[in-house]
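Below you'll find the structure, written out as structure tokens, and then a few comments.
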Amino acid sequence: MINWNDISKKEFDVPAGYFDQLTSSIEKRIEEEVFTTQRTKILEKRFGKDGKVRRIIWSALASAAVVVLGWFILKMNQLQSPTQMVEFDTVLDSTALNEEEVILLLSEEDMAIFFEEEIAELPAFEISENDIKPNRDQDSQSLDSLTSEEILEYLIESDIDFLEMQ
Amino acid sequence: MHSKEEKQVTEEQSITYFILEKKDTEKAFHLMLQAYQKPIYYYIRRMVLAHEDADDICQITFIKAWKNLDRFRGESKVSTWLHRIAYNETMTFLSKSKKTNHLDMDEAKFGISNSLQGDPLFTGEEIHVLLHTALATLPEKQKAVFIMRYFEEKPYEEIAVITGTSQGALKASYHHAVNKIESYVKSQSKFS
């Protein structure tokens with residue numbers, strides 16, 4: 001039989017200062033708990049009791065909006081980029097024209113673009129009033145000595161020159 | 001001059017008063033921590049043996065107590081209520097570690113004996129090693145009853161509240177535990 005009275009009831013020890021450390025650990029953890037609880041209460045007040053679900057929905061919607069906006073910006077950039085060059089094979093495949101007709105079509109297209117660009121690059125041509133209206137005094141002096149046929153010829157030549165200038 | 005028991009009663013009463021009246025729960029909790037951390041720690045330590053595990057469970061016990069402070073109705077003593085939380089937490093821990101360890105009884109006994117002898121915080125004698133090895137052979141609840149009754153000298157009435165078992169069943173359980181321990185110690189003395 002065991003003599004129970006002989007057995008000491010102190011068989012375990014703890015590290016020095018353990019219980020002070022235990023107190024501070026527990027109180028620190030409780031402070032964190034209190035902080036978390038208060039934070040949750042504030043969030044619940046702001047978003048309601050189902051705030052957690054609502055916050056998840058809002059964040060999902062915000063993410064979706066960002067994705068849609070990104071896609072929209074990408075598409076806009078694609079629209080603004082220069083159009084692709086028309087290639088011979090592409091036109092040949094997509095039309096019932098033969099090779100010569102396609103070459104002619106593309107040449108005409110190129111020429112049209114070329115002329116448009118050339119015209120756009122020309123300096124603005126301004127015609128002053130004096131260019132259009134002849135100096136009446138000067139002309140009247142010289143015209144006085146001419147016959148009616150010579151005057152007519154002169155006027156026709158002036159018109160041709162004017163038209164050529166334009 | 002107050003005796004130790006009278007001081008404990010006064011302390012218990014003031015903690016209960018602060019909790020129930022919701023006057024200053026932080027102060028009440030601090031008093032509770034100061035008054036009961038040692039008995040709670042040693043109960044858990046005897047159940048799980050390792051200091052690190054006892055430390056973890058002890059912290060969990062007091063944090064749970066803090067969280068449920070408003071549920072304390074004063075139907076039992078604060079120490080009993082706290083002990084019940086510690087009992088439940090320890091049982092949960094032991095059942096989890098039993099599931100992960102998968103040791104047979106001989107391996108468990110050998111492991112306990114070795115770890116106690118190698119533990120610098122174990123100050124017991126040879127009989128304590130035998131006693132704790134014998135305790136490892138008991139069902140967890142019987143072990144808890146033995147620790148509360150023998151080491152902490154708690155009345156059956158209080159143990160009944162902590163474990164949720166009738167006093168009659170507890171008396172039988174303690175009696176069986178003592179017999180098993182004695183027979184184990186006897187067998188070890190015989191063959192060693």
Side-chain angles (χ1 to χ4, degrees), chain A residues 1-70, chain B residues 25-26 29-38 40-46 48-52 54-56 58-67 69 116 119-132 134 146-147 150-153 178-179 181-186 188-189:
Chain A
M1 285 288 281
I2 299 173
N3 189 358
W4 291 100
N5 292 330
D6 291 347
I7 302 173
S8 146
K9 288 176 184 172
K10 197 185 177 309
E11 76 279 35
F12 288 111
D13 210 347
V14 288
Y18 168 68
F19 287 109
D20 291 335
Q21 196 192 318
L22 180 67
T23 306
S24 68
S25 298
I26 292 168
E27 286 180 341
K28 198 179 166 189
R29 281 177 72 168
I30 283 165
E31 268 174 36
E32 287 168 4
E33 284 282 333
V34 169
F35 175 76
T36 314
T37 315
Q38 280 174 347
R39 189 174 165 272
T40 314
K41 274 181 186 169
I42 290 166
L43 286 172
E44 274 181 5
K45 211 174 178 181
R46 194 175 294 170
F47 292 99
K49 279 230 167 177
D50 54 345
K52 205 173 183 180
V53 177
R54 208 173 285 186
R55 279 201 301 278
I56 291 166
I57 292 167
W58 273 115
S59 63
L61 284 174
S63 308
V66 167
V67 170
V68 169
L69 190 68
Chain B
T25 44
E26 276 181 39
F29 183 77
H30 185 78
L31 286 173
M32 193 167 83
L33 193 54
Q34 292 297 317
Y36 305 117
Q37 61 176 345
K38 281 186 186 177
I40 292 292
Y41 168 83
Y42 282 113
Y43 163 73
I44 299 167
R45 179 80 186 271
R46 284 185 176 114
V48 299
L49 301 176
H51 165 72
E52 288 74 20
D55 180 45
D56 280 347
C58 196
Q59 288 193 32
I60 294 167
T61 299
F62 278 98
I63 286 161
K64 279 209 167 172
W66 164 261
K67 282 183 181 173
L69 215 54
L116 281 177
D119 185 355
L121 296 172
F122 179 73
T123 52
E125 295 159 11
E126 187 64 27
I127 185 67
H128 289 106
V129 177
L130 277 174
L131 186 59
H132 280 287
F146 180 84
I147 288 171
Y150 173 72
F151 285 103
E152 298 173 20
E153 297 170 9
V178 171
N179 282 346
I181 291 165
E182 280 184 338
S183 108
Y184 179 80
V185 172
K186 207 172 169 183
Q188 292 302 302
S189 313

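The sequence lines fix the lettering, A, B, ..., with proteins before strands; numbering per chain opens at 1.
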Exercise for review: Just jot down the salt bridge (Lys or Arg N to Asp or Glu O under 4.0 Å) partners of B:Lys67, sequence neighbours excluded, or say none.
Suggested key: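 Once residues adjacent in sequence are excluded, the partners of B:Lys67 under the salt bridge (Lys or Arg N to Asp or Glu O under 4.0 Å) criterion are A:Glu33.
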Practice item. Under the salt bridge (Lys or Arg N to Asp or Glu O under 4.0 Å) rule, collect the residues that match up with B:Glu153, sequence neighbours excluded. Key: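 Applying salt bridge (Lys or Arg N to Asp or Glu O under 4.0 Å) to B:Glu153 gives A:Lys9.
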Review point. Using a cut-off of under 4.5 Å for heavy-atom pairs, which of B:Trp66, B:Phe29, B:Tyr150 has the most such pairs with chain A?
Key: B:Tyr150
Review point. Using non-hydrogen atoms and a limit below 4.5 Å, what part of residues 11-18 of chain A faces chain B?
Key: A:Glu11, A:Phe12, A:Asp13, A:Val14, A:Pro15, A:Tyr18
Side chain, backbone, both or neither: which part of [X] has an atom under 4.5 Å from a heavy atom of chain A?
X        : value
B:His30  : both
B:Gln34  : side chain
B:Leu131 : side chain
B:Tyr41  : side chain

Check your understanding: Of all residues at least two apart in sequence or in a different chain, which pass the ring-ring contact (aromatic ring centres under 6.0 Å, His included) check with B:Tyr42?
Key -> none
Exercise for review: Looking only at non-hydrogen atoms, find the nearest pair between B:Cys58 and A:Leu22 and report the distance.
Suggested key: SG-CD2, 3.8 Å
Check your understanding: Hey, does A:Thr23 have a side-chain heavy atom less than 4.5 Å from the side chain of B:Phe62?
Key ->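 They are not in side-chain contact.
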Exercise for review: Find the distance between CD1 (B:Ile63) and CD1 (A:Ile30) and round it off to the nearest 0.5 Å.
Suggested key: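 It comes to 5.5 Å.
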Exercise for review: Drop me the distance from A:Ser8's OG to B:Glu125's CD, to the nearest 0.5 angstrom.
Suggested key: 6.5 Å
Review point. How about A:Lys28: does its NZ atom have over 12 heavy atoms from other parts shown lying under 6.0 Å from it?
Key: no
Point to revise | Ring centre gap for B:Phe151 and A:Trp4 strictly below 6.0 Å | key: no
